[in-house]
J.: 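One structure, as structure tokens, below. Some questions next.
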Amino acid sequence: MITSFVLQGILAVLFLSLGIQKIMGHELQVDIFKDLKLPQWLRLVTGWVEIVGAAGLIIGFWLPGVVVIAGLWFAVTMLVGMITHIRVKDSFSKTAPAFVLMVISIILSTLNFSELQSFLS
């Protein structure tokens with residue numbers, strides 16, 4: 001359970017921070033989306049996706065079943081991120097963070113999967 005809380009907290013802070021940076025138009029985020037050949041409106045959408053997922057992880061401290069949904073939300077988001085990096089032939093070092101975050105999100109969902117039944121009931 002402690003492992004789950006730690007992973008949940010790390011992901012919540014990380015994605016909340018990244019989401020805010022994307023929405024606020026932080027120069028690094030703007031440049032990343034340019035390098036990925038993606039429109040800037042998608043940066044805003046991605047920022048909101050990350051904030052919503054982070055909110056799910058935070059709510060999950062009180063309703064653990066929500067963590068499964070938020071974890072899968074981020075796993076899919078990071079899978080799309082990996083595919084996007086591969087599409088533009090980015091280096092492994094630029095693609096790896098999305099892969100690592102996808103794996104952590106899947107682990108988090110797996111650790112909390114038993115809570116999903118009580119959440120849906």
Side-chain angles (χ1 to χ4, degrees):
M1 194 58 137
I2 292 174
T3 303
S4 176
F5 280 168
V6 170
L7 292 176
Q8 191 175 337
I10 290 169
L11 288 180
V13 169
L14 177 68
F15 281 113
L16 184 61
S17 172
L18 290 171
I20 290 170
Q21 287 177 25
K22 284 179 178 74
I23 290 169
M24 298 300 291
H26 189 277
E27 185 178 343
L28 175 64
Q29 296 298 331
V30 171
D31 290 344
I32 288 171
F33 274 72
K34 283 180 186 173
D35 292 344
L36 292 172
K37 298 175 177 60
L38 296 172
Q40 291 301 310
W41 64 262
L42 188 57
R43 173 181 47 82
L44 297 172
V45 171
T46 304
W48 283 110
V49 164
E50 291 175 348
I51 289 173
V52 167
L57 291 176
I58 293 166
I59 291 167
F61 284 114
W62 293 275
L63 298 170
V66 177
V67 175
V68 178
I69 297 165
L72 293 174
W73 176 272
F74 282 130
V76 170
T77 303
M78 292 298 97
L79 177 61
V80 171
M82 280 177 40
I83 292 167
T84 303
H85 282 282
I86 292 167
R87 177 184 61 89
V88 297
K89 298 178 176 54
D90 261 346
S91 65
F92 175 76
S93 63
K94 289 185 177 179
T95 308
F99 175 75
V100 170
L101 290 171
M102 181 184 72
V103 170
I104 293 171
S105 297
I106 291 169
I107 290 169
L108 185 60
S109 289
T110 303
L111 289 173
N112 289 279
F113 192 75
S114 64
E115 301 290 339
L116 188 60
Q117 179 67 27
S118 62
F119 175 71
L120 296 175
S121 300

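A quick note: this is a predicted structure, and the numbers were derived from the prediction, not measured.
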J.: What distance separates Met78 CE from Ile83 CD1, expressed to the nearest 0.5 Å?
T.: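 That separation rounds to 11.5 Å.
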
J.: Applying ring-ring contact (aromatic ring centres under 6.0 Å, His included), which residue pairs with at least one partner in residues 72-114 are found, sequence neighbours left out?
T.: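 Residue pairs passing ring-ring contact (aromatic ring centres under 6.0 Å, His included), neighbours aside: Phe15-Phe74.
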
J.: Using modelled atom types and a 3.5 Å cut-off, is there a donor and acceptor pairing between side-chain atoms of Thr46 and backbone atoms of Leu42?
T.: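 At least one qualifying donor-acceptor pair exists.
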
J.: Test side-chain contact (heavy atoms from CB on, under 4.5 Å) on Val67 and Leu108 and set out the steps.
T.: CA-CA 7 Å; Val67 175; Leu108 185 60; 3.5 Å; yes

J.: Taking side chain as C-beta onward, heavy atoms only, is Ile2 less than 4.5 Å from Val6?
T.: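 Side chain of Ile2 against side chain of Val6, heavy atoms only: contact under 4.5 Å found.
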
J.: I need the Leu57 CG to Phe5 CZ distance, nearest 0.5 Å.
T.: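 Separation between the atoms: 12.0 Å.
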
J.: Within the 4.5 Å heavy-atom criterion, are Thr95 and Ile86 side-chain neighbours or not?
T.: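 Yes, at least one pair of side-chain atoms sits under 4.5 Å.
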
J.: Apply side-chain contact (heavy atoms from CB on, under 4.5 Å) to residues Leu116 and Asn112 and explain how you reach the verdict.
T.: CA-CA 7 Å; Leu116 188 60; Asn112 289 279; over 6 Å; no

J.: Could you grab the distance from atom CD of Glu50 to atom CD1 of Ile20, nearest 0.5 Å is fine?
T.: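 Rounded to the nearest 0.5 Å, the CD-CD1 separation comes out at 10.5 Å.
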
J.: Do Ile10 and Ile104 come within less than 4.5 Å of each other through their side chains, counting heavy atoms only?
T.: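 No, every pair of side-chain atoms sits at 4.5 Å or beyond.
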
J.: Give a yes or no on whether Leu11 and Ile58 share a hydrophobic cluster (residues Ile, Leu, Val, Met, Phe, Trp, Tyr; joining criterion: side-chain heavy atoms under 4.5 Å apart).
T.: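 No; tracing contacts between hydrophobic side chains, which count when under 4.5 Å, never links both residues.
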
J.: Compare every heavy atom of Ala12 with every heavy atom of Ala54, then report the nearest pair and how far apart it is.
T.: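 Taking Ala54 first and Ala12 second, the nearest heavy atoms are CB-O, 3.6 Å.
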
J.: Hey, are the side chains of Lys22 and Val49 touching, using non-hydrogen atoms and a 4.5 Å cut-off?
T.: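 SC-SC contact between Lys22 and Val49 ruled out.
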
J.: Grab the two heavy atoms, one from Met102 and one from Met82, that are nearest each other, plus how far apart they are.
T.: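 The pair with the smallest heavy-atom distance is CE-SD, 3.9 Å.
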
J.: With side chains defined as the heavy atoms from C-beta onward, is the minimum distance between Arg43 and Leu38 less than 4.5 Å?
T.: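 No. Closest side-chain heavy atoms not under 4.5 Å.
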
J.: Atom CD in Gln8, atom OG in Ser105: separation rounded to 0.5 Å?
T.: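 One finds 11.5 Å between CD of Gln8 and OG of Ser105.
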
J.: Which residues satisfy the side-chain contact (heavy atoms from CB on, under 4.5 Å) test with Ile32, sequence neighbours excluded?
T.: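 side-chain contact (heavy atoms from CB on, under 4.5 Å) check on Ile32 returns Leu28, Gln29, Leu36.
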
J.: Between Ala98 and Gly81, what is the shortest heavy-atom contact and its length?
T.: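 In this case the closest contact between Ala98 and Gly81 is CB-C, 4.3 Å.
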
J.: Give me the atom names and distance for the closest heavy-atom approach of Ala70 to Gly56.
T.: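 Result for this residue pair: CB-C, 4.0 Å.
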
J.: Would you kindly confirm whether Ile69 and Val80 end up in one hydrophobic cluster when ILVMFWY residues are joined by side chain heavy atoms under 4.5 Å apart?
T.: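 Cluster IDs for Ile69 and Val80 differ.
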
J.: Would you say Trp48 ends up clustered with Phe33 if hydrophobic residues are merged whenever their side chains have heavy atoms under 4.5 Å apart, either directly or through other cluster members?
T.: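 In one cluster with Phe33: Trp48, no.
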
J.: With a 4.5 Å cut-off on side-chain heavy-atom distances among I, L, V, M, F, W and Y, is there a chain of contacts connecting Leu16 to Leu63?
T.: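 No, because Leu16 and Leu63 fall into different hydrophobic clusters, even though each may have its own neighbours under 4.5 Å.
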
J.: Mind checking the CG-CD1 spacing from Leu18 to Ile51? Nearest 0.5 Å is all I need.
T.: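 The CD1 atom of Ile51 is 10.0 Å from CG of Leu18, to the nearest 0.5 Å.
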
J.: Going by heavy atoms in the side chains, are Glu27 and Val30 under 4.5 Å from each other?
T.: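 The answer is no; the side chains never approach within 4.5 Å.
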
J.: The test is side-chain contact (heavy atoms from CB on, under 4.5 Å); show your working for Leu111 and Ile107 and say whether it passes.
T.: CA-CA 6 Å; Leu111 289 173; Ile107 290 169; 4.0 Å; yes

J.: What residues, two or more places apart in sequence or in another chain, satisfy side chain to side chain donor-acceptor pair (under 3.5 Å) together with Glu115?
T.: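 Result, side chain to side chain donor-acceptor pair (under 3.5 Å) vs Glu115: none returned.
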
J.: CG of Leu79 to OG1 of Thr84: how many Å apart, nearest 0.5 Å?
T.: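 Reported to 0.5 Å precision, the distance equals 9.0 Å.
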
